[in-house]
Amino acid sequence: MDFSIFIGGQAGEGIKRGSMLIGKVFNRYGYHVFIMNDYGSIIRGGTDYSEIRVSTKEIHTSFNRFDYMFAFHMDVFEKYKDKAKENCFTLTLNDFPYDEVIKKADAEPFMKPSIVLGVLTFMLGIPQNFVEDVIEDDLGKNAPKNIELFRIGFEYAREKNFNNIHLIKGEKTPKPLLYGNDAIGLGAVRSGMKVYAAYPITPSSTLLEFLAKNADRLGIIALQLEDEIAAINLALGSAYAGVPSMVGTSGAGLDLMGETISLAGAVELPIVILDVQRVGPSTGAPTYTEQSDLNLALNIGHGEFPRIVLAPGDIEEAFELTAKAFQFALWYQTPVIVLSDKHISESARTTDIPFSNNYPLMIKTYDKDFDGPYHRYKITIDGISPFAPPGTPDVIVHVNSTEHTEEGYSSSLPETLVKMKEKRLLKMKTIEEDFKLMKFINVFNEGDVAVVSFGSPKGAILEAIEGFPIKFIQVVSLEPFPKEAVLEEIAHVKKIISVEQNSFGQFADLFERKIGRNIDKRVLKYDGRPFSPWELRSIFEEVLK
Amino acid sequence: MDFSIFIGGQAGEGIKRGSMLIGKVFNRYGYHVFIMNDYGSIIRGGTDYSEIRVSTKEIHTSFNRFDYMFAFHMDVFEKYKDKAKENCFTLTLNDFPYDEVIKKADAEPFMKPSIVLGVLTFMLGIPQNFVEDVIEDDLGKNAPKNIELFRIGFEYAREKNFNNIHLIKGEKTPKPLLYGNDAIGLGAVRSGMKVYAAYPITPSSTLLEFLAKNADRLGIIALQLEDEIAAINLALGSAYAGVPSMVGTSGAGLDLMGETISLAGAVELPIVILDVQRVGPSTGAPTYTEQSDLNLALNIGHGEFPRIVLAPGDIEEAFELTAKAFQFALWYQTPVIVLSDKHISESARTTDIPFSNNYPLMIKTYDKDFDGPYHRYKITIDGISPFAPPGTPDVIVHVNSTEHTEEGYSSSLPETLVKMKEKRLLKMKTIEEDFKLMKFINVFNEGDVAVVSFGSPKGAILEAIEGFPIKFIQVVSLEPFPKEAVLEEIAHVKKIISVEQNSFGQFADLFERKIGRNIDKRVLKYDGRPFSPWELRSIFEEVLK
Amino acid sequence: MNLATDRKIQWCPGCGNFGIYNALKSVLEKEIEEGSIKKENIVLVSGIGCYGYITNYYHLNSFHTIHGRVPPLLTGIKLANPSLIPIGFVGDGDAFAEGMSHTIHIARRNSNTKLILHNNSVYGLTTGQFTPTSPKGFKSRSTPYGNPENPINPITLMLVSQATFVARGFSGDIKHLQYIFEEMMKHKGFAFVEVLQPCVTFNNTYQYYKERVYKLEDTDYKPNDFNVALQKSLEWGEKIPTGIFFKNELPTYEDLVLKEKNLFYERNIPDLKDIVNEFV
Amino acid sequence: MNLATDRKIQWCPGCGNFGIYNALKSVLEKEIEEGSIKKENIVLVSGIGCYGYITNYYHLNSFHTIHGRVPPLLTGIKLANPSLIPIGFVGDGDAFAEGMSHTIHIARRNSNTKLILHNNSVYGLTTGQFTPTSPKGFKSRSTPYGNPENPINPITLMLVSQATFVARGFSGDIKHLQYIFEEMMKHKGFAFVEVLQPCVTFNNTYQYYKERVYKLEDTDYKPNDFNVALQKSLEWGEKIPTGIFFKNELPTYEDLVLKEKNLFYERNIPDLKDIVNEFV
Ligand SMILES: Cc1ncc(C[n+]2csc(CCOP(=O)(O)OP(=O)(O)O)c2C)c(N)n1
Ligand SMILES: Cc1ncc(C[n+]2csc(CCOP(=O)(O)OP(=O)(O)O)c2C)c(N)n1
Ligand code: SF4
Ligand code: SF4
Ligand SMILES: [Mg+2]
Ligand SMILES: [Mg+2]
C-alpha cells in the first residue's frame, strides 16, 4: 500500500497546515508518511499544493503522481492534473462547493483541508472517531470548527457513495512527523547549541520560528537580526564567549556571510552555518529546491582556512549531522557548513530520530600547568590550540583577525605569516586524518553500477534502485571528501552515475577531481522540483540495459 | 648592469614617494626600473622600505638583494641587512645624521629620500643638473627644498670620498613608470569605463585615488561609497543604464560583493570586478601580497551563472586585460573578475603599454526589425540577448533577479527555470568556444620541464628560467581555463612545476583538475613577500638536476 | 494610457500595496500623457518583498533587484544617465534591516532619485516576522513572545539623514497619496515617501491607521523648517500626521559628482597620451 | 595595576588615539583596583582602522575583528555571558560607513554594551579618504576636489536611534574623557561615546576642536530630556558641546531576550522527549 494525496489551492487555504494534519492522521494510524509542499513566493494568488504520501513500507521522498487529488481552485488542478495516476480520485471546485461550505459553516478558508480529511476518512474506511481525536489533539481551540467541516466532508462522501475501502490500521508505531528544519533545530539543541541567529529567508525561516517558539523550554535563544552579517557576527561573539552558536540562511544570505566565515577560520572560533539551498542564481525561485551552493560552500570566504562541509540526505541525517557539526566546530575551532535544501528542510517525514543519543561537545580546554601562560594561538602538534573563554580568571584571550602571534597580537612579519598558515594547514591535516576514520559515506545495495550523490536526492535514489543491481554511495562529508572510502567502494564498479539537483554538475565535478575517475553518466535536474523515484528509476533502467 | 637600491624608514619619511622620484631619474637616464614597496599596515612606527631596481636589460620584478642600502632608522636596517649583497654600500642613521640635516634645512621628514638621491647621484656619477631637472619636474613647489637636500647628500658623498663610478646614460628610451593600479585604471578608461565605484581597501585604494584625481580629464567618475555592497550595486545600476562600470576591492570586500555578483550573472548585466589580492584569511596582513582568492573568484556568488576570471601577470598585462575585461563583460553581459595582487598593483615598472590600442566595446544591440518586440531575456542561438538601455524609445527593459520569462517577468514555473538555466549554460558554452580561439596563455622559452603559473609570479619566473631548458606557461584566463592550449604545450613536457603565492596550491589544483595531469612539484610561497628570481632559480636548478 | 501589464497581480486581496500601485500609476500616466515626462525615461527599481513584485505590473523599465540594495542602484542609474528618472520601491525590512545603511547614505548624498517605502511593519513575503518598524512587543513568527526591539521612525531617521523631501502617506487614502506622489515627482533631490501600508494577512493595520491619520495639509503646518519637521516627525500615537514634512532644494549628488558630464552620451575615449607622459 | 602590554604603540606621535587609550586605561585600572569590575570580565572589541590596534595595547581580553562589525559581536558576547563587560571601539568609517546599519540597530536594541567612537573624520589606516563624518567639501585622497556628501552627526543619529547613553568627549581633554568613561562604565544599557579625535597625519583638527569645544557639565544642561538633547546635538560650529547629552535607564535587549537564562552557565541539554512527542 503506497498512495499519494494531492491537495491544491491558494496560499491562505491552509494547504501546508492541513497536509500536516492529514499526515498526522496516517502516522498515528500506523503508516509511513512523507509530505512535500510546493508553493510560490507570493502570499496569495499562487497555486500551491502539498503531496501527502502514505505507505506501509518506509518511504523516502514524495512520489509526484497522485491517487487522490483535491483542488480548491481549478487552475491548480489544471496545472497538475497530468500527474494523476490512472484511477485517480479527484474532487475539485467543479465537483464540490468548498467555498460555500466554508461560508455556510462560518469557517475560515484555511480550514478547507478538514473537509478533504472527511472525504478521505470515508473513502479509506478509517474510524471516524479516530480521526476526530487527532483533530482534537492537533488543532486545540480550532478543533470544533474543523471537526464540523470534517463531518461535512465525510457525510458528503457517504451521500455520493464514493468508492470506499477499509484501510486497516498499520503496524508501524507512530513516529515523530518532522519537517527537516525542525530536525535540524533539535539536532543543534541536542548537541548543546545555545544561540541561534538569523535573518528571515526562505526556506530557512521556519527554523528560526521553531526555535523562537520553543526557546524557553529548550534553554536557548533564537534571534532575528538586521541582516545576515549581523547574525553571523553576533553568533561569532557568542562563540568567542564560549557558547555554541549557529546561523541559518539560504544562498543569498550565505554570500553575505563570506567575510565572517573567513574571519571565523582565521581567528579559529567554532561556528555552525546552515545553508538551506533554493533555486539560484540571485533571488531565483525562492520556494523551490536546488543543490547549487556546493561550490560556494566549499570556497566561500577569501584566503585560506580550514572548513568542514556536511550534507544530510534526509531528515534523520539532518538531525544527526547538525549535532555532529557542533562537535566538529568546537573540537576543530573552525566553521562548519551544513548544506540542506528546500526539499529536506520544508518536507516532513515520519522519522526515526535518535533523540536520546548524546553528542558531547568536547573542546581542548586550557590547562595552566600543562600549557603554561595562556596563548590563544599556541602551536600544538595537531594545530588545535587550547580554548579558554573570556571571563576565565588569570587568562587573557586575544583573538585577532589580522595575522597574529601565538599570543594573539597583530604581526605581519614573514615568519609569523608562515607559522600561522602552517598551523592552520596542520589543523586541516588533523581534520582530514580524523575524517578518514569516520568514513563519511553511506552505502546502500550492491551492484556493478554505482550511483553517487549527496543531499536530498538520496530519498528518490533509494526508491529508484530497489531491486536493481545498483550500489548507491551517498557522500555525506563534502569537505573533507571521503576519498579513501569512496575509492574502496567503487573499486569493482563498472559504471558510475551521478545524481544531483543543479545544472553544472558541481558534485560530479568534485567527485571526479577528488576520486580521479570519470562519471559515466551525469543526471542533472534543475527545474526546482525534487527528483521523483520513478523518473530516476527509468533513467537507471536505461543505464542497466 | 643590474642593481638594487634599498631605502628604509618609517611611514612619513617619504619612502614610497621618494622611491618613485629615484625611479624616475633612472628611467629618464635610460634604464629599466622596477619599484617594490614593502610597508606595514600602520601609519607610523613601521619599518617600511622600497627597493628600486635599475637595469640595462628588461626586468620583471624586484630582486630582494641590495647593492645600496639607505636606512633612516636602525631597526629597518637590522631587519633587512642580511639581504645586502657582498659589497653593498650602506648609509644608515648611524653613519649619517638624516634627522639633523632635515631639521637644519627646515625641511620635512618625507623629503629624506632626496638626500639619498644626492648620495646616489655622486656615487654613480650621474650629471647633477640632469637629476635636478627631474626633481624640478616631478616635485613642483616642493622642488627647491628637495634640491637643497639633494645637494647636501651629493656634497656629503663627495666629502666622504665615497666610491664613485661613471654610470653612462642608458640606451632605453624612457617609458612610463607606472604602478599596476594606474595601469589597470588606464586600461579600464581606454576601453570605455565611465563609472568606477569602490570602498577604500589596501591594496586597491590607490586606484580609486588615481581615478578620482584624474576623473575630469578622463571623462569618468570615480566614487567612494559607504561599503563594497553599495559600490557594486551602484556600478550595476550604471551598467543597467548602459554605461560601462567597474568596482575594485580586495578579498574581504570581494566576499561582500558575492550576492551582487550572483545578481549580475542572473540578470545578465556587464560588470568588471577587480580583486587586488593580499594576505588572508580575514584581515590577515593587508599590505602584503598573496594569491589566495583564486578559488573564491571562481566560485563566489550562490547558484550557477556564467563568469570570466582573468589574471594579469604584470603591469602591462594589467592594462590590457582590464581593457579586455570590459569587452568580455559587455559582449557576454556577465561579471568578469580581474585578479591582481599587491605585488602587481602597488609595484611600479617602466612599462611598454599599448596606450594607442583600441579595445572597442561591442554589445549585441537591439534591432527592432530583426528582434521583434524587446525582450530583455530573448532566447538566441548563442545565449546572448540583445541589450537595450532604459531610455530607449518604444522599449521596456525589465531586468529581474527572480527567475524570469524572456520579457523579464517573475516566474518560477519549472519550464521557465529550465529554459533560463539552459540559456545561461548556452552562454557559457559560447564563452568557452570563443575563448578557445583566443588561447589565453603566454608561453616563454622551450624545454622539457614546464613551469606553470598565473599572476604576479610571472616576473620572477621569467628571470629564473633564463638560460635554463624550461618552458614557462602562464595561464591568463582562469575561467574559462585554456585547456586545449595548455594540453598542446605540455604534450612533450616531462615534468611540470607549479608556482604560486599561497599555501593551498589553488592554482595547481585547478590545473590538475582541468588538465588531468599531475603537477610534479608545487612551489608555494606564503610569507606575503613576492618571489625573488634567485630563490626560484635555485629551486628550478634543483629540479633540473 | 494604461501602464498596467498583462500580469495577474498576486497580492492578497485588500493588501495595501494596491493603493500604492494605483496612486503611482495614475500619477505617472497623467504625467506621461501631459508630456511632462517621457515614458521611456522612467526606471522603477524594487527590492525583494511582497511589494517588490510591483515592477511586474507596470509597463515601464524596471529592475527587480535583490533585498536591501535599491538605493545604490538608483544612484548608479541616475549618474549613468541623468535623463532617467529612477523611482525606488522598498519594504520596511528592505529599507531598514538589510538596507539600512544605503537608505541613510542615499539621503545624505541628496541623490536625485525617489524612494517609496511600503511600510507594513512586517516581513510579508517571508510570512510574518517583525521588522525594524514593528512596535515593541509585536508578536510575530520570529517573536512569538513579543518584539524586544524599539522601532525606528522612518520620517525622523530620513530627516536627520538630510533627505530633502520627506513625506508620509497612507495607502488607504489614494487621493492624498497621489498628491504626495505628484510633489515627489516634482522634487529635485532625494525624495523619500513613507506609505503606511496595511498587510491584511500578517499585520492588518487598516482600521488602526484609519482612525489616527490626519493630513498636515489640513493644518497650518509648513514643511520648510527642519527643526519643526523634526519635532513633528516624533508625533506618533493617537494622532499620526501624514503629508509633506519637509522639503528643501539643495545641490544634488549627481550635480556635484558629474559636474556637467553626461556619461551616457559622451562616449569618446581619451587617448591617454598626456596622462601617460606624466609617468615618464 | 598597569594594563599596558609589552607591544610598542604604533600610532603617529600626537595621534588622538593616545588620549582615548590613556583615559580608558586609567578608568579601567581604577575600577579593577577598586574591585568594582573583575579584570577577566572585560572584553574589548575593535574593528579595522588605526584605532583598531588598540586591543593590542591593553592586557585585557580582546577581539580585534573585521571592519564594521563590532556591534553584533558585542551583543553576541553579552548574550552569551552577561557577566562579561563588552566595550567596543569603532572608527568613524567603521561605525558609519561599513557598519552603519549595526551601529543603529545596537542602539535601538539597547544592548547592554559600550561603544567608543574614534571620530577623526577620516580613514586613517587606508591613508586619508573622507568618511561619513567628514565635512562637505573636505579634500581627501578619494575626493581631491572636495567631498560631495553631507556629513552625519553621530550624536543626533544615536539619539534618534534610541541609545540610552549618548556622550561626546575630546581626546585633547583626558580628564573630561575619564569622567565620561566613568559614567559610561556605570550605565546599564547601550552607551555611546563619540570622541573627537584629531588625526595628526590626515586631518589635524587639534587646534580646531580646542578652540571650539565646551563642556555641557559647565552649563546648566541636564541630560535627561530627549527633545532637549536632540536640539543640543544639532549644535556644531563656533561652539561644539562635549559631555553627556542624554542618559536614561530602560530594559536592555539582553534582559528581554534572555529572560533570566544564563547560556554560559546553564549547559544542561534538554532531552527533547516532550517536544518530540508533540510531533507524533
Ligand atoms: C539577502 C537576503 N536575505 C533575506 C532575503 C529574504 N527576504 C525576502 S523578502 C524579505 C522581507 C521582506 O520584507 P519587506 O521588505 O518589509 O517587504 P514586504 O514583504 O513586507 O513587502 C526577506 C527577508 C532575501 N531575499 N535576501
Ligand atoms: C570589508 C573591508 N573593507 C575595507 C577595509 C579596509 N579598511 C581598513 S581600515 C578602513 C578605514 C578605517 O577608517 P576608520 O574606521 O575611520 O578608522 P581610522 O583608521 O580612521 O582609525 C578601511 C576602509 C577592510 N578592512 N574591510
Ligand atoms: S502578505 Fe501582506 S504585504 Fe504581502 S501581499 Fe499579502 S497583504 Fe500584502
Ligand atoms: S594616521 Fe591619523 S589616526 Fe592613524 S595613527 Fe596616524 S594620526 Fe592616528
Ligand atoms: Mg514589510
Ligand atoms: Mg577614522
Side-chain angles (χ1 to χ4, degrees), chain B residues 24 27-28 174-178 182 186 189-192 194-195 197 214 216-221 223 225-227 229-243 245 259-260 263 267 353 355-356 358 389-402 404 408-410, chain C residues 5-7 38-43 45 47-48 52-53 55-56 58-81 83-84 86 99 101-102 104-106 257-259 261 263-264 266-280:
Chain B
K24 253 189 178 167
N27 180 29
R28 297 223 192 143
K175 301 179 190 178
L177 178 56
L178 282 173
D182 301 340
L186 292 169
V189 170
R190 192 73 193 112
S191 68
K194 295 288 167 198
V195 174
N214 296 291
D216 291 342
R217 57 209 285 225
L218 297 175
I220 63 160
I221 57 174
L223 305 175
L225 276 295
E226 64 266 30
D227 59 20
I229 299 177
I232 188 169
N233 280 283
L234 182 138
L236 200 65
S238 297
Y240 166 62
V243 165
S245 304
E259 193 197 4
T260 306
L263 168 66
V267 299
I353 283 195
F355 287 109
S356 50
N358 279 321
T392 312
D394 299 326
V395 160
I396 301 290
V397 190
H398 283 302
V399 156
N400 200 331
S401 78
T402 68
H404 37 253
Y409 291 124
S410 302
Chain C
T5 60
D6 59 359
R7 313 300 291 181
K38 281 195 193 147
K39 186 178 168 198
E40 66 263 28
N41 284 346
I42 303 174
V43 184
V45 180
I48 300 299
Y53 289 97
T55 48
N56 284 284
Y58 288 115
H59 197 58
L60 289 170
N61 297 311
S62 74
F63 195 142
H64 187 185
T65 188
I66 51 178
H67 185 56
R69 316 300 174 190
V70 168
L73 264 179
L74 293 175
T75 302
I77 292 167
K78 190 71 185 174
L79 284 167
N81 184 351
S83 323
L84 300 178
S101 185
H102 310 309
I104 292 177
H105 285 283
I106 194 173
V257 161
L258 288 172
K259 303 182 219 155
K261 275 183 253 211
L263 305 173
F264 186 76
E266 290 159 21
R267 289 301 175 88
N268 55 318
I269 288 170
D271 78 349
L272 307 180
K273 230 175 241 141
D274 284 5
I275 212 165
V276 164
N277 277 337
E278 289 168 19
F279 287 96
V280 176

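A, B, ... follow the sequence lines: proteins, then strands. Residue 1 opens every chain.
Taken to the nearest 0.5 Å, the NZ atom of C/K261 stands 8.5 Å off from the CG atom of B/L218. Taking NZ from B/K194 and CZ from C/R267, the interatomic distance works out to 7.5 Å, rounded to the nearest 0.5 Å. Interatomic distance, B/I229 CD1 to C/I66 CD1, rounded to the nearest 0.5 Å: 8.0 Å. To the nearest 0.5 angstrom, B/T392 atom OG1 is 7.5 Å from C/N61 atom CG.
Of the two parts of C/L263, the backbone and the side chain both hold a non-hydrogen atom closer than 4.5 Å to a non-hydrogen atom of chain B. Only the side chain of C/V43 comes within contact range of chain B, with heavy atoms under 4.5 Å apart. There is no contact between C/K78 and chain B, counting heavy-atom distances below 4.5 Å. Heavy atoms of C/S83 lying under 4.5 Å from chain B are absent altogether. C/K38 does not touch chain B: none of its heavy atoms, backbone or side chain, sits under 4.5 Å away. Contacts of C/D274 with chain B are made by both backbone and side-chain atoms, with heavy-atom separations under 4.5 Å. Residue C/L60 touches chain B through its backbone alone, counting heavy-atom pairs closer than 4.5 Å.
When atom types are taken as modelled, the side chain of B/S238 and the backbone of C/G76 share a donor-acceptor pair closer than 3.5 angstrom.
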Task: CA sep, side-chain torsions, deciding dist, call: C/R69, B/E259, side chain to side chain contact (heavy atoms under 4.5 Å, CB included) - done: CA-CA 10 Å; C/R69 316 300 174 190; B/E259 193 197 4; 4.1 Å; yes
TODO: Go through C/H102 and B/L225 one step at a time and tell me if the side chain to side chain contact (heavy atoms under 4.5 Å, CB included) criterion holds.
DONE: CA-CA 9 Å; C/H102 310 309; B/L225 276 295; over 6 Å; no
